[in-house]
> 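Let me give you the structure first, and then I'll get to my questions.
Values below: every heavy atom of this structure, side chains too, minus hydrogens, waters and symmetry copies. We count residues from 1, following the sequence as given.
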Amino acid sequence: MKGLLAFVAALGLLSSPVFAASLVGTWHTQPDAKETTGHVVIERCGAALCGTVVRAFDKAGNPIVTPSVGKRILWDVKEAGNAGEGRVYVPVMRAEFPVRLVASGNRLNLRACNKLGICRTQVWQRVN
C-alpha cells in the first residue's frame with residue numbers, strides 16, 4: 001500500500017474527459033509496486049472535496065490491513081464540473097503535492113507534480 005500512495009503522490013493526467021462525470025464516489029486505485037490496490041472514497045468536506053482510503057487489497061484481491069486505511073489522502077479539492085484541483089498526501093514520502101483530478105465516465109485521471117515539474121499519472125476506476 002505504501003507504493004500505491006507513493007505513486008499517487010506523483011500523479012499525472014493521461015487523457016481528456018469524454019463526458020462529464022462526478023468526482024464524488026468510491027474509486028479503485030491502480031496496483032502499486034507490490035500489486036496492492038485500494039478504495040478511496042471522495043466526498044464533500046465543507047466547500048471542497050476530500051478523499052479517504054477505506055479499503056486495501058492484495059494482488060489476489062483479498063482485503064488486507066494497512067496503516068493507510070482510514071487516512072485522508074486528498075483534500076481541499078475545488079470541484080469544477082468533472083474536474084478538480086487540490087492536495088494529495090503520500091505518507092511514505094511524508095509529503096503533499098498539488099493534484100488535478102478529471103473524471104470521465106467510470107475513470108478518474110489524477111495528476112500530481114513536484115516542485116521540479118516532474119509529474120505522474122494514475123487512473124482509478126469507479127466502484128460506485
Side-chain angles (χ1 to χ4, degrees):
M1 190 66 178
K2 287 181 182 178
L4 163 71
L5 295 177
F7 189 70
V8 170
L11 305 168
L13 189 60
L14 279 180
S15 64
S16 301
V18 174
F19 57 90
S22 174
L23 300 175
V24 174
T26 303
W27 298 91
H28 190 95
T29 65
Q30 280 184 234
D32 63 12
K34 294 181 181 180
E35 298 185 42
T36 61
T37 61
H39 284 175
V40 175
V41 172
I42 298 177
E43 59 191 350
R44 302 212 179 281
C45 295
L49 300 176
C50 61
T52 304
V53 178
V54 295
R55 296 185 78 189
F57 304 92
D58 65 17
K59 65 181 178 178
N62 299 311
I64 57 174
V65 177
T66 74
S68 297
V69 173
K71 297 226 186 248
R72 182 165 291 167
I73 62 167
L74 295 166
W75 67 93
D76 289 339
V77 176
K78 308 296 188 260
E79 188 178 23
N82 68 319
E85 293 185 358
R87 304 292 293 174
V88 62
Y89 178 72
V90 181
V92 71
M93 297 178 73
R94 295 185 181 156
E96 63 180 74
F97 303 90
V99 66
R100 177 155 172 75
L101 301 88
V102 178
S104 176
N106 289 325
R107 292 172 47 132
L108 180 63
N109 296 308
L110 300 102
R111 174 186 177 167
C113 303
N114 66 19
K115 290 181 182 181
L116 299 175
I118 298 170
C119 303
R120 299 274 192 219
T121 299
Q122 202 172 66
V123 180
W124 296 354
Q125 297 296 316
R126 185 181 295 278
V127 174
N128 66 25

> Mind checking what makes salt bridge (Lys or Arg N to Asp or Glu O under 4.0 Å) contact with R126, not counting sequence neighbours?
none

> For residues V53 and I73, determine if any side-chain heavy atom of one lies less than 4.5 Å from a side-chain heavy atom of the other.
yes

> As a quick check of understanding, evaluate side-chain contact (heavy atoms from CB on, under 4.5 Å) for L108 and L23, giving each step before the final call.
CA-CA 7 Å; L108 180 63; L23 300 175; 3.5 Å; yes

> How would you list, by chain and number, every residue that makes a side chain to side chain contact (heavy atoms under 4.5 Å, CB included) with R72, sequence neighbours excluded?
C45, C50, T52, W75

> I would like to know whether Q30 and T37 meet side-chain contact (heavy atoms from CB on, under 4.5 Å); could you show each step before the answer?
CA-CA 6 Å; Q30 280 184 234; T37 61; over 6 Å; no

> Run V99 and L74 through side-chain contact (heavy atoms from CB on, under 4.5 Å) and show every step you take.
CA-CA 8 Å; V99 66; L74 295 166; 3.9 Å; yes

> Return each pair, listed once, that meets salt bridge (Lys or Arg N to Asp or Glu O under 4.0 Å) where at least one residue sits in residues 38-54; pairs must be two or more places apart or across chains.
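The answer is R44-E79.
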
> Considering residues at least two apart in sequence or located in another chain, which fulfil the salt bridge (Lys or Arg N to Asp or Glu O under 4.0 Å) criterion with E85?
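Counting only residues at least two positions away or on another chain, E85 forms a salt bridge (Lys or Arg N to Asp or Glu O under 4.0 Å) with R100.
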
> With rounding to the nearest 0.5 angstrom, report the CD to CG distance, Q122 to L101.
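Taking CD in Q122 and CG in L101, the distance rounds to 11.0 Å.
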
> Could you give all pairs that pass the salt bridge (Lys or Arg N to Asp or Glu O under 4.0 Å) test and reach residues 56-69, with sequence neighbours left out?
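For residues 56-69: none.
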
> Does some side-chain heavy atom of I42 sit less than 4.5 Å from a side-chain heavy atom of W27?
yes

> With a 4.5 Å heavy-atom cut-off, do F57 and H28 have their side chains touching?
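The answer is yes, as the side chains (C-beta and beyond) meet within the 4.5 Å cut-off.
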
> Could you pull out the closest heavy-atom pair between A21 and A103, with the gap in Å?
O-CB, 3.6 Å

> Using salt bridge (Lys or Arg N to Asp or Glu O under 4.0 Å) as the criterion, list what pairs up with R87, not counting sequence neighbours.
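In terms of salt bridge (Lys or Arg N to Asp or Glu O under 4.0 Å), with neighbours along the sequence ignored, R87 is linked to E96.
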
> Using the side-chain contact (heavy atoms from CB on, under 4.5 Å) rule, take V40 and T26 through it: C-alpha gap first, then chi angles, then the decisive distance, then the call.
CA-CA 6 Å; V40 175; T26 303; over 6 Å; no

> Has N82 got a side-chain atom pairing as donor or acceptor with S22's backbone, closer than 3.5 angstrom?
no

> Would you say T36 and I64 make side-chain contact, with heavy atoms under 4.5 Å?
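In contact.
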
> Who else is in the cluster with V54 when I, L, V, M, F, W and Y are joined by side-chain contacts under 4.5 Å?
V41

